[in-house]
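Structure, as structure tokens:
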Amino acid sequence: QTSVSIYGIVDAGLVRESGGPDGNVTGLGGGVASGSRLGFRGKEDLGGGLSANFLLENGFNSDNGTLGQGGLLFGRQMYVGLSGNFGAVRMGRQYSPYYLALRDIADPFAAGLAGRAGNVMATNTRVNNMINYQTPKFGGFFADLAYGLGEIAGDAQKSRTIGAAIGYEQGPAAIKLAHHQLNNATATDRTKNTLLAARYKFSLAEGSIGYAVNKGLGAADSRDFILGVSVPFGPNRLLGSYIRHDDRTAMNRDAHQWAIGYFYGLSKRTDLYVAYARIGNDNGADFKVGNATDTGTGDKAFNLGVRHTF
Amino acid sequence: QTSVSIYGIVDAGLVRESGGPDGNVTGLGGGVASGSRLGFRGKEDLGGGLSANFLLENGFNSDNGTLGQGGLLFGRQMYVGLSGNFGAVRMGRQYSPYYLALRDIADPFAAGLAGRAGNVMATNTRVNNMINYQTPKFGGFFADLAYGLGEIAGDAQKSRTIGAAIGYEQGPAAIKLAHHQLNNATATDRTKNTLLAARYKFSLAEGSIGYAVNKGLGAADSRDFILGVSVPFGPNRLLGSYIRHDDRTAMNRDAHQWAIGYFYGLSKRTDLYVAYARIGNDNGADFKVGNATDTGTGDKAFNLGVRHTF
Amino acid sequence: QTSVSIYGIVDAGLVRESGGPDGNVTGLGGGVASGSRLGFRGKEDLGGGLSANFLLENGFNSDNGTLGQGGLLFGRQMYVGLSGNFGAVRMGRQYSPYYLALRDIADPFAAGLAGRAGNVMATNTRVNNMINYQTPKFGGFFADLAYGLGEIAGDAQKSRTIGAAIGYEQGPAAIKLAHHQLNNATATDRTKNTLLAARYKFSLAEGSIGYAVNKGLGAADSRDFILGVSVPFGPNRLLGSYIRHDDRTAMNRDAHQWAIGYFYGLSKRTDLYVAYARIGNDNGADFKVGNATDTGTGDKAFNLGVRHTF
């Protein structure tokens, strides 16, 4: 029992979605600020600075008890790896370097609540069959490399994923340049997302900014700009963000999102949250306001709930 | 690790079902006296009498390893909540107030073994997207309110569940009046179940009684009457019950069930069980003898197994 | 928390399969040397030498987070039982006596890596609805009996499994004779596998040998011969095996497999592995080189990875 520890989050709240084609929906969200999860992790010291580690993180929907991520057992994160002076190597189902830059640097909502950046921006959240190498930090600088095997017979390029990020994190500043590319199943086309994200902790608030270049399948082509702010009030925190999605195709389906949120800390492990976001869709764009586990039904949503970490 | 504890039940036993259309079936039941389960729960003291708590309870079938409740991960019970002097508020997938009255007060078989009341009575076991409020006890009196969001766009009444119970529990006496109503997906009809259940602990045995009024979809209309007894013999316990189901529709599909069971306690956590129940179906009624996880195939069943709690 | 302990294995590695009809496949194997798993187990002392015990072992694929064993929650092993001076009785989903003889005695690859005996030999790994009785050891001798209920109405012989093994294990020697038979769903035919397996620990290496007689559905009829060796080098271990599959039907689809593997021990709980196996298929035989969780795509495979036990 000494070699494994259990952790998790249970989050549930009211979600009011409006502006959808079938009318308003009021539901209980089973993971609104953060996806509900139950994880098991451990670390073994192998001597000489080397250690083995693993992490198995299940995602579930706390409103109805279903498995998350479309029915996976450890759908959130799962890896086994070795780490040492050389950095860390991990194999499994893991977050892409692109997603970590979006979640941890650019998006003050950290991919949760109505205001999550993923409502309008590409997320590229997880990669299966992924081999990851993270360098150690050199004076604040580091790199994060990812390779996701396509596992299609005859051609290793089919369905292959490549990801990379370089970054700098020191004191109040953090900056990351991340790239993600995924080949389609015939290796005849690919999606490519590149994000530059930066965050700075001022004395009263934290500001973040991000810019993404997205080349999708076919002629898909867009840019995203995100501006975020996070203001602490003791154990509480006010969040805001603005995202501008610029569609560069002939359809010109632009969109923008305004979002505001507030965490009221009952303790370090438990908080109440309230959030609101609305999207303006142009020329038939169809972005929806979701949250950490829900893709949304309309262009506006309100959240009110509780998140408990253990 | 201090913030989460693990608990569960593994139950397995021989189940012999007879009287079904395809002949007798002898199987290994994977949760006969109690559904097999593995749970994780925790509680955090937030100060001022307030606490946060969560419970994640998986159900599984211990005969073949499948997920229980039709493939849910935490299909038995799952919630996050806050409790304090004001009572307790919980959100998630939870037991209905009606079911708790049936299981804990009226049915000496506690919804398990061949004798479970649910063979002939409505159970309304669990509700998704449920917000629950439980009052504190006032001199033995308490109330339990439930609201299950339908989550259908455009009309909050579609598929909505409302449940409520009021009760009194003091010393040897317990009594509960519980109601459950579930709208259909178009909110044009609903099922309604109301149960009055009482239990009294006499010096040598415990007696229970219950009466339910059931209005189903369309013209469905029935009454249930249940009488139960539980006699302790040191660590062992003898159970018996009689249920009369009175169909008030023109088809008059009445039924009754006799059941007997015995728990032999190997310890406080482990017992052996044996049980037998038979149903008499009138006018083409088709009630079957199941158990805690099996809906049954015939009108008679015999159980013999072991239940281990951890 | 004192009554349950958590254990598991996370294994992941590169798997290069070649010789398949669609070309080579390079993938991340999510359980190559051993199937990845997360288990919960406990034991309760009931006094008088009697104890109750349970084991719930989930299998998952560490490359993509899916549930193993085709979507089961506790698909690897799951039982509740009692043990004492009389031996042990267990009920649940369990390993067949035949499989344990193959894995633990005959196959130096212990049913894992490219070299696993199951590539060409019958495995009969697990049985649902299984009641198992294991005798105590009498001077090194023991027996292991299994009965898997078919659970088909009207005829207990349909889909029924019967298994048995007798063995001797003392000092450096182990020998087992195991039998497995499974009726088809109409009880009109059955598969029967009988395996004699022996292992001896010499001073420098361990040698194993096995011979199996297989009578399948219809006219299926074959013999398997396996020869294995395991050579320890401190914390490391070199493995090798040769298997000859002799098809006794008119099609004469014989095959043979050569395999070699190496475990490099980083600690008692963590090792790196490398393995290679190739199969020679005659007369249209179509055996494939898989590993602990993969059935393979071609007649050759190479493995390189890490296995961490907790």
Side-chain angles (χ1 to χ4, degrees), chain B residues 1-2 4-32 36-41 58-68 71-73 75 265-272 294 297-298 304-310, chain C residues 1-6 38-48 50-59 67-82 84 89-94 126-132 147-156 158-160:
Chain B
Q1 199 87 347
T2 55
V4 54
S5 65
I6 303 178
Y7 68 95
I9 294 178
V10 192
D11 175 315
L14 284 172
V15 175
R16 170 79 174 174
E17 296 175 341
S18 49
D22 301 319
N24 300 342
V25 185
T26 304
L28 187 70
V32 179
S36 293
R37 69 198 69 175
L38 175 66
F40 303 84
R41 66 184 159 204
N58 162 266
F60 63 93
N61 296 311
S62 59
D63 50 343
N64 57 18
T66 48
L67 284 160
L72 302 181
L73 179 63
L266 293 171
S267 75
K268 290 209 167 173
R269 290 171 40 205
T270 305
D271 42 34
L272 305 177
D294 179 10
T297 60
L304 174 68
V306 61
R307 178 176 65 175
H308 176 68
T309 303
F310 59 92
Chain C
Q1 198 88 344
T2 55
S3 57
V4 55
S5 65
I6 303 179
L38 175 66
F40 302 84
R41 65 185 160 205
K43 191 174 180 175
E44 182 194 13
D45 186 349
L46 298 171
L50 193 68
S51 64
N53 48 73
F54 74 94
L55 184 145
L56 309 173
E57 191 172 297
N58 163 265
L67 284 160
Q69 289 79 44
L72 302 181
L73 179 63
F74 296 120
R76 290 190 58 84
Q77 270 194 92
M78 181 197 45
Y79 57 76
V80 57
L82 297 170
V89 172
R90 292 170 176 176
M91 295 183 288
R93 176 174 163 88
Q94 302 177 72
R126 300 172 180 100
V127 180
N128 282 342
N129 314 315
M130 175 173 146
I131 301 169
N132 176 229
Y147 186 87
L149 289 99
E151 298 196 342
I152 293 184
D155 187 349
K158 291 176 177 172
S159 295
R160 182 184 68 182

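Since this is a predicted model, take the numbers as computed values, not measurements. Proteins come first, then strands; the chains are lettered A, B, ... in the order of their sequence lines, and each starts at number 1.
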| query | Which pair of non-hydrogen atoms, one from B:A12 and one from C:M91, has the smallest distance, and what is that distance? | reply | O-CE, 3.2 Å

| Nearest heavy-atom pair of B:S267 and C:E44: which atoms, and what distance? | OG-OE2, 2.6 Å

| query | Which bit of B:T297 comes within less than 4.5 Å of chain C, counting heavy atoms only: side chain, backbone, both or neither? | reply | neither

| query | Of the backbone (N, CA, C, O) and the side chain (C-beta and beyond), which part of C:L67 lies under 4.5 Å from a heavy atom of chain B, both, or neither? | reply | side chain

| request: Quick one: pull up CG in B:L28 and CD in C:E151 and give me the separation to the nearest 0.5 Å. | output: 6.5 Å

| Nearest non-hydrogen partners of C:M78 and B:S62, listed with the distance | CE-O, 3.2 Å

| note | When the 4.5 angstrom heavy-atom criterion is applied to C:Y79 and chain B, the contacting part is backbone

| task | Tell me, out of B:D22, B:V25, B:T26, B:N64, who's got the most heavy-atom pairs with chain C below 4.5 Å. | result | B:N64

| What part of C:L149 gets closer than 4.5 Å to chain B, counting heavy atoms only: side chain, backbone, both or neither? | side chain

| query | chain C heavy atoms under 4.5 Å from B:N58: which part of the residue, side chain, backbone, both or neither? | reply | side chain

| Taking side chain as C-beta onward, heavy atoms only, is C:V89 less than 4.5 Å from B:V306? | no

| query | For the residue pair C:F54 and B:F310, does the interplanar ring angle fall in the parallel (under 30°), tilted (30 to 60°) or perpendicular (over 60°) class? | reply | parallel

| field | Residue among B:G8, B:G20, B:G23, B:G68 with most heavy-atom pairs under 4.5 Å to chain C | value | B:G23

| Which bit of B:I9 is near chain C, if near means a heavy-atom gap under 4.5 Å: side chain, backbone, both or neither? | neither

| said: Among C:D155, C:I131, C:L72, which residue has the highest count of heavy-atom pairs closer than 4.5 Å to chain B? | reply: C:L72

| Roughly how far apart are B:R269 CZ and C:L46 CG, rounded to 0.5 Å? | 8.5 Å

| request: Can you measure from CG (C:N129) to CG (B:N61) and round to the nearest 0.5 angstrom? | output: 10.0 Å

| task | Would you give the length of the straight line joining atom CE of C:M130 to atom CG of B:D63, rounded to the nearest 0.5 angstrom? | result | 13.5 Å

| request: Sort B:N24 into side chain, backbone, both or neither according to what part of it lies under 4.5 angstrom from a heavy atom of chain C. | output: backbone

| said: Rounded at 0.5 Å granularity, tell me how far CG in C:L82 sits from NE2 in B:H308. | reply: 9.5 Å

